[in-house]
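Order of the sequence lines fixes the chain letters, A, B, ..., with proteins taken first and strands second; residue numbering starts at 1 for each chain.
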Amino acid sequence: MDGVHDLGGKEGFGPIDRAHEDDPYHTEADARAYALCVSMRAERAYPVDWFRHTRENMDPVDYLTRPYFDQWLQTAIAMAIDAGDLSMVEVATGKPDSLARTPAPMSPADVQAMLTTPASFEREVSEAPAFAPGARVRTASHGHPGHTRLPAYARGAAGEIVAHRGAHLMPDDGARGIDRPEHLYTVAFARGDLFPEAAGSPDRIHLDLWESYLAAI
Amino acid sequence: MDGVHDLGGKEGFGPIDRAHEDDPYHTEADARAYALCVSMRAERAYPVDWFRHTRENMDPVDYLTRPYFDQWLQTAIAMAIDAGDLSMVEVATGKPDSLARTPAPMSPADVQAMLTTPASFEREVSEAPAFAPGARVRTASHGHPGHTRLPAYARGAAGEIVAHRGAHLMPDDGARGIDRPEHLYTVAFARGDLFPEAAGSPDRIHLDLWESYLAAI
Amino acid sequence: MDPSFDSEKVAEIHRHLHSHLPPEPALRVKALESLLVEKGLVDPAALDAWIEAYTEEIGPKRGAAVVARAWVDSDFRARLLADASAAVAEMGFAGQASGHLKAVENTDTVHNLVVCTLCSCYPFAILGMAPPWYKANEYRARAVRDPRGVLAEFGVTLLPETRIDVWDSTAELRYMVLPQRPAGTDGMDETALAALVTRNAMIGTDDLRGIA
Amino acid sequence: MDPSFDSEKVAEIHRHLHSHLPPEPALRVKALESLLVEKGLVDPAALDAWIEAYTEEIGPKRGAAVVARAWVDSDFRARLLADASAAVAEMGFAGQASGHLKAVENTDTVHNLVVCTLCSCYPFAILGMAPPWYKANEYRARAVRDPRGVLAEFGVTLLPETRIDVWDSTAELRYMVLPQRPAGTDGMDETALAALVTRNAMIGTDDLRGIA
């Protein structure tokens, strides 16, 4: 999806505001929004990329202006409405029509388990990886409607495989509800190959990219 | 410049609001903002592409949210401040420090002349055009910082020359204060070559593109 | 003095203006008008001249007159399609952004649609002020990617095999659509025909074929 | 029920939510909390557990402890660089987004910088909540294009020949920077060293070399 969320390399953004940089939450509402979102979402185990894609589909100006966890919360609510776990009428009136049909909501013990158990996105695949470190590759020149994790600034660009990371669940498919692993690579790009004004710079930009985003050069 | 102004093909934008579509101005402020902008700008004969580029450099959220002529007016004010014809202090206080050093401002007669005299951007060049109608071309794969009139959605794309339009002032240079004409072509792209979901569509997207944006295939 | 042509400098000026000007658009415009007039940078009579021109004289009625003439006068139609700038000048409509005008003709197999994705360029001299939707993010974003979806919102439904030619007028050429003459209008004169031509039909977001 | 996985449908739901919810963020959150609790979708005790975890227990002190240990224990440093997920688990810090963790090491010739341009992914388990600037449009837009300009705003100035390695963590790998140990800290123990390590140094927007 070519949306406003795809911010990498976009120009016209000004100085970085470091206010509140040492507060874990900078408002009480921010803290509550975070907690509400993770308490709802994890319980249902929707694919993370469906969450990301649902966030990308919020109004572009809301995306660029609203507080971060406020966006997460609206995303979790949108997902719940989409899945039929909540209705727009309930949100508009603030009154539940009925109790949730789901089992008991996430408990503090569930939270503790999530806080200490890392999720893994790696899966076994039978195919061998197509690329080895050192290989030169070119990224796809287009995105597509729907979720993707190939940012616009790195499309149609030549880079070098620096590592194979195993096979990970493919996000473009995950956001469509399909569990499909694919080989994942870390690819290095010369900054000057992505941004013309950086020609000759020693800097490199690294992205973790799935095999189907890449073609051999 | 890869800015939020480069909206073509961006996804996530919703239905089109047709309110006020038959009013020439939909608020009194809108009308005044338009008139102020064109009264200031034309008098100074700044290159139109410097105006466009100055508008592109406004805060991205302002660009996406503020009324259209309100943006034009802030752009004209920014240009006047940049050129030293007005100061930030004068804007902040609302009080002029001194009278404008320029000659008399644009008169109603000047307005009438502008309203009946089309501007021409065509210039003579000695070089022959590089492409003839029917030629296949590929557009540049990158933009660059500064103004350009090759939209992001049509970069690195293959198309066909449908017409040579003579040589026109080159906007990337115009926004840098350089008057340089270059051959201009109308190029047709298959919609499916620009947007993967449109594969097989009969539709064509046309852009008027300068010679240096194009390479022969 | 001369412009700096410095992107960073004007971006910073915009940020200062954002913080120094009133947040409400009407108050912002009022404050700036008062300053610019007092400073001697603009003449209030010129402001009125601009506003009146596009309220009273210049508007889509001009484009409609051009279209109606093309429908009844095949020589004019040929001149319009060959050199629209000259053809509209012939009718006394030369003006802002008419210097490099192109007319693109709808046919039984091609429908034309005009947009400017980079900044909302528009043929002012023959269509007047652009409607708000033409300048809005939604239209600019969607017209090139999803022209059929956009047209459907305007009530225009085309056959799947009809080709849409989109004209993204990001250079100094400006485009107007020459719509197809509605069926059943054989007896109408130029004035009556002009009354059938909508501004949206000349942008491409209206279809006149079924109206008469 | 199951999600629709339909982009258009959720976009429309977002537009409805935008118009139905209070415009002020704090009121919006309060209204939704009350509804979700009453509906039985969330347990208030779970909310408190999430908030407290990232207020009290989980934060950049964890990452700082990891860095300090890597500075004093070369075997641990080797394990961290080889498999950071296992190395932080060894210290009891396994948790959210630590499953595919990579540590990238600053050297005399390479400075590392971490960003997520698509959505602000971050190694929560070892750095806690991301600072607001990390999630802001400005950092996400600029870090890949203008890393030197961004670092200069954070007071980090590099030699022109120093290579910046930017890690745009848009997949499920998460990155932490292993900064260079400050000069003049030879006598310090692990605890004292950990106190020198800033969260920003582990993202790459701070340079500890000159601090001791």
**Q** Which residues in residues 114-124 of chain C have a heavy atom less than 4.5 Å from any heavy atom of chain B?
**A**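 Listed by number, the contacting residues are C116(C), T117(C), L118(C), C119(C), S120(C), C121(C), F124(C).
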**Q** Applying salt bridge (charged side-chain N to carboxylate O under 4.0 Å, His left out), name anything that partners R149(B), two or more places apart in sequence or on another chain.
**A** none
**Q** Counting C-beta onward and ignoring hydrogens, is there a side-chain heavy-atom pair between I16(B) and F154(C) closer than 4.5 Å?
**A**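 In contact.
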**Q** Considering only heavy atoms, which portion of A125(C) lies under 4.5 Å from any heavy atom of chain B: side chain, backbone, both, or neither?
**A**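 No part of A125(C) comes within 4.5 Å of chain B.
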**Q** Is there a salt bridge (Lys or Arg N to Asp or Glu O under 4.0 Å) between R18(B) and E153(C) once you walk through the steps?
**A** CA-CA 10 Å; R18(B) 293 174 62 182; E153(C) 284 182 35; over 6 Å; no
**Q** Applying a criterion of heavy atom separation less than 4.5 Å, what residues of residues 160-167 of chain B form contacts with chain C?
**A**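 If one takes a 4.5 Å heavy-atom cut-off, the residues of residues 160-167 of chain B near chain C are R165(B).
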**Q** Verify whether one side chain among N200(C) and E21(B) offers a donor that lies under 3.5 Å from an acceptor in the other.
**A** yes
**Q** Sort by residue number and list every residue of residues 99-110 of chain C having at least one heavy atom under 4.5 Å from chain B.
**A**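 Result: G99(C), H100(C), K102(C).
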**Q** Report which part of A97(C) has an atom under 4.5 Å of a heavy atom belonging to chain B: side chain, backbone, both, or neither.
**A**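 No part of A97(C) comes within 4.5 Å of chain B.
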**Q** Heavy-atom distance under 4.5 Å to chain B: side chain of P160(C), backbone, both or neither?
**A** backbone
**Q** Would K39(C) and D97(B) pass as an ion pair if we require N to O under 4.0 Å?
**A** no
**Q** Any chance you could measure R32(B), atom CZ, to L36(C), atom CG, to the nearest 0.5 Å?
**A**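 Separation between the atoms: 11.5 Å.
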**Q** Is the shortest heavy-atom distance from the side chain of D43(C) to the side chain of P108(B) under 4.5 Å?
**A**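 Contact flag for D43(C)/P108(B) side chains = yes.
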**Q** May I ask you to decide whether D203(B) forms a salt bridge with R163(C), counting only side-chain N to carboxylate O separations under 4.0 Å?
**A** no
**Q** Which region of Y175(C), side chain (C-beta onward) or backbone (N, CA, C, O), has a non-hydrogen atom less than 4.5 Å from a non-hydrogen atom of chain B, or is it both or neither?
**A**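 Y175(C) touches chain B through side-chain heavy atoms alone.
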**Q** Can a side-chain donor-acceptor contact be found between D2(C) and Y46(B) if the only test is distance below 3.5 angstrom?
**A** no
**Q** Less than 4.5 Å apart, side chain to side chain, heavy atoms only: is that true for L173(C) and L184(B)?
**A**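 The answer is yes; the side chains approach within 4.5 Å.
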**Q** Within a reach of under 6.0 Å around CD of E124(B), are more than 12 heavy atoms found that belong to other residues, nucleotides or ligands?
**A** no
**Q** Are F13(B) and R140(C) side-chain neighbours, meaning at least one heavy-atom pair lies under 4.5 Å?
**A** no
**Q** Salt bridge check, R148(C) against E197(B): does any charged N sit closer than 4.0 Å to a carboxylate O?
**A**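 No salt bridge links E197(B) with R148(C).
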**Q** Is it true that D208(B) and R174(C) have a side-chain N and a carboxylate O under 4.0 angstrom from each other?
**A** no
**Q** Between H14(C) and D62(B), do the side chains contain a donor N or O and an acceptor N or O under 3.5 Å apart?
**A** no
**Q** Got more than 12 heavy atoms from elsewhere within 6.0 Å of NE2, H26(B)?
**A**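 Count over threshold, so yes.
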**Q** Counting only N and O atoms by type, is there a donor-acceptor contact under 3.5 Å from the side chain of R28(C) to the main-chain atoms of D70(B)?
**A**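 No, R28(C) side chain to D70(B) backbone: no donor-acceptor pair under 3.5 Å.
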**Q** Quick one: what part of L17(C) sits under 4.5 Å from any heavy atom of chain B, side chain, backbone, both or neither?
**A**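 Answer is both: backbone and side chain atoms of L17(C) are under 4.5 Å from chain B.
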